[in-house]
Amino acid sequence: MDLDERKFAVRQFYEQFWKANPEVTLYETVVCNKCPDVCPIYQKIASLKLLAKFVSSGFDCVEIQRAQQNIPQAVSDAFERHFWYSQWTLSELCLVKIPIAGQDTIFLFVAGLCDDGWENNTSFIEIFSERGEFIGATDLFSDRAVKWREKQFTNQDYQYITGEPPPPWSRDISNDISYDEPLSPEAILAENLSCLSLEIVYYDEPFWSEEMLWQSAVKIEYEGAVVRYVLYETN
């Protein structure tokens, strides 16, 4: 099966799932365990979770599961790219394999943290073949139809109503990665002017990093491939 045939098979699978299950998305059933009766067979590869154990909003625990198997460099880069952006924008990641038409397909789900204390509307999916070839990208939640992107998401796509985008991932700069064209300065200005009543966030420094977690965690838990940094706990 060549790449074009692979793209067709995977996109058809995703669109048919979307049409057949209007009450749940593929992300919700795979990552959130919603409607498990329609969940396809999958294998989790890696994840990043921002957990609220003792707080009512935000997070007080960061759970990281790194890949314990060989994955293509393009997939590893995609996970590390959005892992970097999570430190600036607060997003959760889940990387899984799903067998489609006899071959493993790799899905990277990216979902922003939204609660009373923070609003990150990020909702991305990036899809790769088992060899790391890019299959396509789309939004986690499509109301009317699935709209496919032919390029991966970048820092510009995190720019909603919170001001400037986070800084680009360093390896994107060095590798000169090509993405869809970002918004023009005029379009950015128009968006910002339309929401002047909202608080603007400028990304001067990350909200968290693994170095910060090592320094500030009150407890670090290890469970197989998972490392859990507990930032606060009650007596």
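Keep in mind the model is a prediction, meaning the values are calculated, not measured.
A distance-only check finds no donor-acceptor pair linking the side chain of Asp157 to the backbone of Phe153 [under 3.5 Å].
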Hey, can you pull the donor-acceptor pairs under 3.5 Å for the side chains in residues 215-225, sequence neighbours left out?
unit_1: Ser216; atom_1: OG; unit_2: Met212; atom_2: O; d: 2.7
unit_1: Lys219; atom_1: NZ; unit_2: Glu221; atom_2: OE2; d: 3.2
unit_1: Lys219; atom_1: NZ; unit_2: Glu233; atom_2: OE1; d: 3.4
unit_1: Glu221; atom_1: OE1; unit_2: Arg228; atom_2: NH1; d: 3.0
unit_1: Glu223; atom_1: OE1; unit_2: Arg228; atom_2: NH2; d: 3.1

Below 3.5 Å, can you tabulate the donor-acceptor pairs from side chains in residues 98-111 to any protein atom, sequence neighbours excluded?
unit_1: Thr105; atom_1: OG1; unit_2: Arg6; atom_2: NH2; d: 2.6

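Glu210 has a carboxylate O that lies under 4.0 Å from a charged side-chain N of Arg66, or vice versa, which qualifies the two as a salt bridge. Electrostatic pairing of Asp139 and Lys147 does not count as a salt bridge here, judged by no charged N lying under 4.0 Å from a carboxylate O.
With sequence neighbours excluded, the residues that form a side chain to side chain contact (heavy atoms under 4.5 Å, CB included) with Asp2 are Asp4, Glu5. In terms of the side-chain hydrogen bond (donor to acceptor under 3.5 Å, both in side chains) criterion, residue partners of Lys97 (sequence neighbours excluded) are, by chain and number, Gln69.
In this structure, the side chains of Pro167 and Trp84 come closer than 4.5 Å at one or more pairs of heavy atoms.
Listed by first then second residue, pairs satisfying side-chain hydrogen bond (donor to acceptor under 3.5 Å, both in side chains) with a partner in residues 26-45 read Thr25-Glu28, not counting sequence neighbours.
Centroid-to-centroid, the aromatic rings of Phe83 and Trp208 come within less than 6.0 Å. Not less than 6.0 angstrom separates the ring centroid of Phe128 from the ring centroid of Phe79. Ring pair Tyr14/Trp148: centre-to-centre distance below 6.0 Å.
Residue Tyr232 is found in a hydrophobic cluster whose other members, listed by chain and number, are Phe54; membership requires side-chain heavy atoms under 4.5 Å apart, directly or through intermediates.
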